[in-house]
Structure formats: C-alpha cells, structure tokens
Amino acid sequence: MKRTHTCGALGVADTGKTVRLNGWVHRTRDHGGVHFLNLRDRYGITQVVIGEEAPEALRALAASLRMEYCIALEGVVLERPQAMKNPSMVTGEIEVSATRIEILNTSEAVPFTIDERSDARDDVRLTYRYLDLRSFSMQRKIALRHTVMQTVREYLSSLDFIEIETPTMIKSTPEGARDFLIPSRLHPGQFYAMPQSPQLYKQILMASGFDRYFQIAHCFRDEDARGDRQLEHSQIDLEMSFVGKDEVFAVIEGMMTRVFHKGLGVDLETPFPRIPYDDAMNRYGSDKPDLRFDLELQDFAAFVAGSGFGVFENALAAGGAVKALVVPGQAGFSRKQITDLEETARTYGARGLAWTKVTRDDSGSITFEGGIAKFFAPRAGDIAAALGAGEGDLLLFVADQWKVAVTALGAVRSRLGHNLKLIEEGTFRFAWIVDFPLFEYDQDEDRWTAAHHLFSMPQAQYLETLESDPGSVKGDLYDLVCNGFELASGSIRIHDPALQQRVFQIVGFDPDEARRRFGFLLEAFRYGAPPHGGIAPGLDRLVMIMAGEESIREVIAFPKTATGVSPMDSCPGPVEEKQLAELGLMLAPRNTGNGPAGGDTPGKDPEGKAPDGNDREA
RNA sequence: GGGGGUGUAGCGAAGUUGGUUAUCGCGCCGGCCUGUCAAGCCGGAGAUCGCGGGUUCGAUCCCCGUCACUCCCGCCA
C-alpha cells in the first residue's frame with residue numbers, strides 16, 4: 001500500500017479523495033465508538049478517524065495500534081465539521097476516514113515519546129538516537145544542516161570553486177592538537193593520522209593551480225570535547241589563490257548572507273565589522289566576543305596612582321593592567337551575587353574581583369560605597385565621569401597581568417550578559433577579528449609557538465623584527481565570530497619557502513626537522529607556488545547558531561558524548577587480540593578495569609547483551 | 001589533569017532534618033467511554049533510589065570511593 005500523499009500534505013482541497021498514507025502512529029485516542037490516531041511522517045501529522053460505522057475487523061485493528069507502529073492506510077479525506085477543526089495543525093481542517101489499515105511493523109514501548117515535550121537525558125537520547133531523530137525538532141535541524149550544505153555548495157560552485165576531497169589518512173604532525181592515529185598493517189610500527197584539517201593539502205592544491213578549492217571536510221582532534229566541540233567535526237574548508245583577506249571576507253560574507261537567507265529567511269547586513277584582536281580583548285575580554293550586548297571593559301590604570309590601593313598599584317608596577325566594568329543600575333547586587341561573579345573571574349586566573357557601588361553623598365555629589373570605595377571615593381566624580389557611570393551602577397575591577405585581567409573580566413561580562421538577560425534572542429551579530437598575534441610564548445616549554453598555525457603570513461611591517469621580537473608580530477590571521485562563538489578561522493599563507501623557514505626556526509624547528517615534517521610543502525613551494533589564503537567555517541557551529549541551540553550535538557545526526565563515547569553503538573570498543581597482532585601492537589597494562597562503556601551504564605543494552613559489559617571486553 | 005552540577009520505575013521529576021508501605025505526571029497492561037487532538041474516567045503492573053564500601057539498631061538520605069552524563073578551567077596549530 002504505497003503512499004499517495006505525505007502526512008503534511010492534505011488540505012480542504014483534497015476533500016473526497018481516496019488517499020493512502022504511510023507513517024508512524026504518533027498518538028491514539030480511543031473513544032470506544034470512534035477512534036482517532038495521529039499519523040506522523042517527516043512532513044507532518046494527519047488525523048485519521050475510524051468511526052463506529054467501520055467494519056468490526058478494522059475497528060479491532062485500530063484499537064490494537066500502539067505508539068510508533070509503522071503503518072500504511074487507505075481512506076477518504078473528509079473536511080472536519082467546523083467545530084472540530086484544529087487550527088494548531090497544518091492539516092487540522094481535514095481528517096482521513098480509514099477504510100484499510102496495514103501494520104508494516106509493530107513497535108515495543110518506546111523509552112521516550114517522540115514529541116517536542118520529551119526531555120530525556122542526553123545519554124538516553126544518544127542510546128536511542130534513531131528514535132530521537134524521529135522528532136520534528138531533530139528532523140528540522142538535520143534538514144537545516146542539509147540546506148546549509150546545499151547552499152554552500154551551490155554558492156561556492158557559482159564562484160568557480162571546485163570541491164576536491166583530500167585524504168583522511170595522512171601523516172601525523174605533532175604541532176597543534178593531539179592526532180588520532182591509525183596503525184599501519186603493511187608497515188608495522190608506523191602510523192597514519194586522521195587530519196585535524198585539510199590544511200596542508202589545500203595549500204598544495206593552490207600550488208597545483210586549482211585557484212579556488214573547497215570541501216566540506218571532516219576534521220579529527222583528540223582533545224577533550226565540549227558543547228561546541230566534538231572529537232570529529234565538519235568544516236567548510238576553502239582556499240583561494242592570488243587574494244588578500246578582503247577577497248576571502250567577501251566570499252564568506254556572501255556565503256553567510258545566502259545561508260541565513262535560505263536557511264532562516266534572515267537577511268544579514270554586510271560587510272561585517274572588523275575588530276583588531278587587541279581591541280576585542282581590551283573591550284570584551286575575548287577573541288570571540290558576544291556583540292549582542294554592550295557592557296564594554298574599560299581601562300582603569302589612570303586612576304590607580306596615589307589611590308593607596310596596593311592590589312591595583314602592584315599589578316601596574318608589575319607591568320599588568322587594571323580593567324573596569326560598569327554594570328548599569330545594578331548597585332543593588334547582593335554580596336552573594338558579587339561573590340558568584342568573583343568565582344567566575346577566579347576560574348580564569350584572576351585572584352579576585354574588586355567592586356564598589358556608585359551612589360550620592362549627603363551633599364548630592366557622586367561617591368562610592370562598599371568594597372574598595374575608600375580608596376577611590378575622593379575622586380569618585382572624575383572616575384564616574386570617565387567611565388560613564390552614574391548613581392545606582394555597580395563597578396567591577398580586575399587587576400592582573402593584562403591577559404588575565406581582560407579575560408577574567410570578559411568572563412564576568414559574558415556571565416552578566418546572560419544573567420541580566422541583556423542578549424536579544426534571535427539576533428546574529430557577526431564580526432571579523434583581525435590582526436591576531438602570530439606567536440605565543442609557551443611558559444611550560446619555554447619557547448615560542450604558533451598562535452594559529454605555522455603557515456600564516458606575518459604582516460609586512462613585522463618582517464624585520466620577526467626574530468628579535470616575535471611576541472609583537474601580527475599575522476594576516478582572522479576569525480569570524482558570531483554571538484560569542486568562533487565560527488571560522490583562517491589566514492593568508494606563507495608561499496615563500498625562505499620566510500616559511502624563518503617561522504619554523506622561531507618555533508624551534510631546525511631545518512632538518514622542518515624538512516622531515518613538512519618537507520613536501522616546502523618542496524612544492526619551490527615551484528612557483530602562488531600567494532594564497534583561506535578560511536574554514538565550522539559547519540556544526542554554524543548550524544547550531546542558526547538553530548538556536550547551545551550544543552553541536554543537537555545538529556549532528558550521530559554525535560558522541562563529552563567523553564567521546566557513542567552510546568548507541570558502544571564506540572569506542574576493544575578489538576580482538578588477532579587484530580592487534582596483525583598491526584604489531586600490544587596493549588600496555590592498565591590499572592583501571594572498565595572500558596569507556598563500562599558495566600553500570602544506565603539503560604538497557606539494545607542487543608540484550610550481558611549487563612556487565614563483558615561482551616565488550618572480549 | 002582539575003572544579004561544579006546531575007543520577008530515584010521505560011521517560012521526566014518530587015521526596016526522606018536516617019525509621020520499617022518511596023510519591024507524582026507521561027508511557028505500559030486491563031476495563032469504560034461517539035469528536036478527540038497532551039482526550040477523559042476507573043483499576044493494575046512496574047524501583048536491588050547509578051555501583052561498591054563505611055558509619056548506624058536501621059542508609060535512598062550521612063561519609064569515602066567509583067562509574068556515567070553534563071557544564072567550566074586546562075587542552076583545542
């Protein structure tokens with residue numbers, strides 16, 4: 001009984017037609033004489049009615065239907081009596097009076113119901129992901145992801161980009177994130193790595209003359225996952241020859257414009273504002289600021305001298321910074337609320353969060369009250385004026401090394417943005433963060449490392465001081481941020497082997513080592529490699545933001561948990577001794593007994609295996 | 001590696017300042033019901049209170065350990 005319509009298709013115009021529908025029993029309502037069922041498929045829900053005039057066999061069959069039975073049925077489309085129309089349903093003006101029902105497959109009682117109210121824990125949802133994905137909300141998000149991918153492919157193709165796949169088994173590059181390794185059977189003791197990105201290959205493709213490349217690429221990084229980070233994720237990876245960052249920005253702005261228009265019907269304003277990294281850090285305390293609310297950090301150094309407040313004075317004397325945040329109208333904050341904010345600041349390395357409240361004294365002049373008031377009250381008027389603060393405002397301060405101070409206060413800013421509901425929902429505030437530092441100093445290893453990656457172009461004005469002052473070198477590096485998330489990251493690349501060598505040297509690669517690791521790239525660049533640059537928007541985060549979600553797990557069909565486990569298929573799992581032997585591998589002894597899918601995992605094992613998980617250890 | 005939160009029936013939750021019978025909603029099973037659309041009404045089954053250990057006459061509750069999920073710091077070229 002093949003379907004003639006989907007469950008979201010029928011309307012009053014179809015009245016009188018004999019139709020066939022296929023789908024799942026979403027819900028049943030048995031009134032004894034008359035029986036209703038809601039039939040669901042990807043496209044919607046249609047009410048089916050089996051009246052008392054129906055043959056006894058059909059009524060018995062209808063009564064036996066349970067949630068999530070997969071059925072086919074034939075019936076006649078009827079316009080519902082006026083009072084029985086349901087305006088909250090797309091198909092609410094009609095119903096299908098069934099004449100025939102066939103059960104295609106029964107269903108056990110489902111662990112959770114397939115509707116918008118179902119609120120099962122993440123691990124339960126992931127164990128039964130196939131049921132979770134039946135919900136309209138998941139189907140919408142996965143479909144949105146499809147629309148985004150299609151729009152991207154269409155758009156980039158129209159601009160002469162060529163989609164090219166690159167290997168997923170590559171050479172391990174120790175710089176950067178931890179690699180996932182694949183042991184080689186044919187070369188015992190040797191390993192492939194899963195790519196952290198197609199970086200080297202896309203640069204080689206530029207050397208190959210494919211001057212516009214893209215790929216929706218899977219990237220693998222063996223680091224601890226987060227809500228916005230999975231062990232494997234997808235990037236819209238692209239690279240262009242003969243361009244500077246303006247051309248890259250224009251391509252991405254055009255892409256985002258189309259993607260948001262097609263996916264959400266939202267029209268973005270372009271060009272996106274550009275914010276230098278230093279500004280972003282100083283104003284928002286983050287290199288991925290949430291621009292949906294203001295609340296900017298301010299510099300407080302000018303008022304520290306002579307205040308007598310040792311904490312601030314010492315921070316400045318040590319070359320650090322004192323940053324202030326004006327929280328308008330929140331002088332009523334309790335001690336507890338301030339302590340909570342201080343905890344946030346401490347998480348990011350600050351030793352404390354100083355505060356005071358702006359008020360007026362008996363004479364009506366601006367003064368401070370509470371916290372560090374006594375050090376700054378004498379100049380309260382000047383300070384308030386300079387910070388743009390007024391009566392009833394709360395002032396918050398962090399004094400520390402510059403990066404700690406801005407980052408910690410930036411975290412407080414972000415926290416306040418959420419707590420005080422300063423964020424306008426449903427808005428998308430994009431910006432380019434530009435002029436990132438090229439190098440960072442690694443205290444632990446006592447050496448300079450690449451802040452982004454090794455192949456980004458230093459800006460021309462720093463070429464002479466590259467070796468003498470790496471810390472001040474800005475690169476042609478850029479991130480696209482939106483609503484507090486890093487949505488894309490890219491750079492103009494080095495195409496000159498000599499300059500590339502200098503960068504390698506600064507991060508401590510001697511020429512031999514550089515040649516061993518990246519020799520093929522240097523070699524390729526000796527044959528007329530064009531200037532080039534690119535960027536890679538994260539597909540999962542993009543769709544997550546568009547869907548209004550806070551975790552990329554919500555927009556990935558089969559994601560892993562925060563610990564990298566897939567509860568549905570018990571992955572990762574052990575392998576047989578024989579497989580290890582073929583690879584020339586032996587397991588080191590471990591003191592912990594249980595694997596990641598250990599014995600007391602809640603929920604029943606879908607295959608009814610031994611509940612202690614021993615089957616997985618074999 | 002570190003810190004916070006959570007874990008009670010298939011699912012979501014309440015609860016016990018330590019007390020013998022652990023509660024509610026949904027789902028499930030049975031019955032009733034002619035217009036519902038989160039249908040309604042009556043009845044029923046279903047829980048080693050994540051797991052292990054300790055304290056106690058007695059632990060779901062307190063303590064220690066552990067596992068899982070989750071958020072955060074670190075990490076994430």
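Just so it is clear, the values below take in all heavy atoms, side chains as well, and ignore hydrogens, waters and symmetry mates. Here is the naming used below: chain letters follow the sequence lines, and residue numbers restart at 1 for every chain.
- Between R226(A) and the phosphate of C73(B), there is a side-chain N or O to OP1/OP2 separation shorter than 4.0 Å.
- The base of G27(B) is not paired with the side chain of E68(A) by any donor and acceptor separated by under 3.5 Å.
- When the C1' atom is used for both G50(B) and U70(B), the distance is 15 Å, rounded to whole Å.
- Where stacking is scored as ring centres under 5.5 Å apart with planes under 30°, H31(A) does not register as stacked on the base of G35(B).
- Without hydrogens or angle criteria, T347(A) side chain to E343(A) main chain gives a donor-acceptor distance under 3.5 Å.
- Taking the C1' atoms as reference points, C51(B) lies 15 Å from A59(B), given to the whole Å.
- Atom CG of L200(A) and atom CG of L205(A) lie 11.0 Å apart (nearest 0.5 Å).
- Taking atom C1' in both U16(B) and C61(B), one finds a spacing of 6 Å when rounded to whole Å.
- Here the side chain of R59(A) pairs a donor or acceptor atom with the backbone of G32(A) at under 3.5 angstrom.
- For F112(A), taking side-chain heavy atoms from C-beta onward, the closest of the listed nucleotides U36(B), C11(B), C33(B) is C11(B).
- Regarding K560(A), its NZ atom lies at a distance of 16 Å from the C1' atom of C69(B), rounded to whole Å.
- Between Y201(A) and F520(A), the ring-plane angle classifies as tilted under the 30° and 60° cut-offs.
- The 5' end of RNA chain B is approached more closely, in terms of each residue's nearest nucleotide, by G227(A) than by the other of S197(A) and G227(A).
- Distances from the side chain of R66(A) to the nucleotides G74(B), C11(B), C29(B) place C29(B) closest.
- Ring geometry, F220(A) versus F180(A): the interplanar angle exceeds 60°, so the pair is classed perpendicular (tilted spans 30 to 60°).
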Counting only pairs under 3.5 Å, give me each side-chain donor-acceptor contact of residues 500-507 of chain A, with atom names and distances, residues two or more places apart or in other chains.
unit_1  : atom_1 : unit_2  : atom_2 : d
Q500(A) : NE2    : L454(A) : O      : 2.9
R502(A) : NE     : E467(A) : OE2    : 2.9
R502(A) : NH2    : L463(A) : O      : 2.7
R502(A) : NH2    : E467(A) : OE1    : 3.0

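- Distance check on atom C1': C57(B) versus G1(B) gives 43 Å, rounded to whole Å.
- Between the side chain of R80(A) and the base of C37(B), a donor-acceptor pair under 3.5 Å is found.
- Closest contact between the side chain of A120(A) and the listed nucleotides C11(B), C76(B), U36(B) involves C11(B).
- With U36(B), U6(B), C72(B) as the choices, the nucleotide that has an atom nearest any side-chain atom of R121(A) turns out to be U6(B).
- Nucleotides C64(B) and G25(B) have their P atoms positioned 36 Å apart, rounded to a whole Å.
- Among the nucleotides C26(B), A39(B), C72(B), the one closest to the side chain of T347(A) is C72(B).
- Of all nucleotides listed (C37(B), C73(B), C28(B)), C28(B) comes nearest to the side chain of M67(A).
- Put simply, the side chain of R229(A) and the base of C75(B) share a donor and an acceptor less than 3.5 Å apart.
- Nucleotide G7(B) has C67(B) as its partner under the Watson-Crick or G-U criteria, with both atom distances under 3.5 Å.
- Counting distance only, with no hydrogens placed and no angle test, the side-chain atoms of D123(A) and the base atoms of C69(B) include no donor-acceptor pair under 3.5 Å.
- Each of G27(B), U36(B), C37(B) was ranked by its minimum atom distance to the side chain of T113(A); first place goes to G27(B).
- Among U36(B), C76(B), C69(B), the nucleotide with an atom closest to any side-chain atom of E223(A) is C76(B).
- Annotation: A9(B) and U56(B) have their C1' atoms spaced 29 Å apart (nearest Å).
- Remark: R447(A) fails to qualify as a cation-pi partner of Y441(A) under the 6.0 Å distance and 45° angle criteria applied to the six-membered ring.
- Comparing the same atom, C1', in U36(B) and in G15(B) gives a spacing of 35 Å after rounding to whole Å.
- Under the stacking criterion of a centre-to-centre distance below 5.5 angstrom and an interplanar angle below 30°, F36(A) sits stacked against the six-membered ring of U36(B).
- Between R553(A) and the phosphate of U70(B), there is a side-chain N or O to OP1/OP2 separation shorter than 4.0 Å.
- Rounded to a whole angstrom, the distance from the P atom of G7(B) to that of C62(B) is 12 Å.
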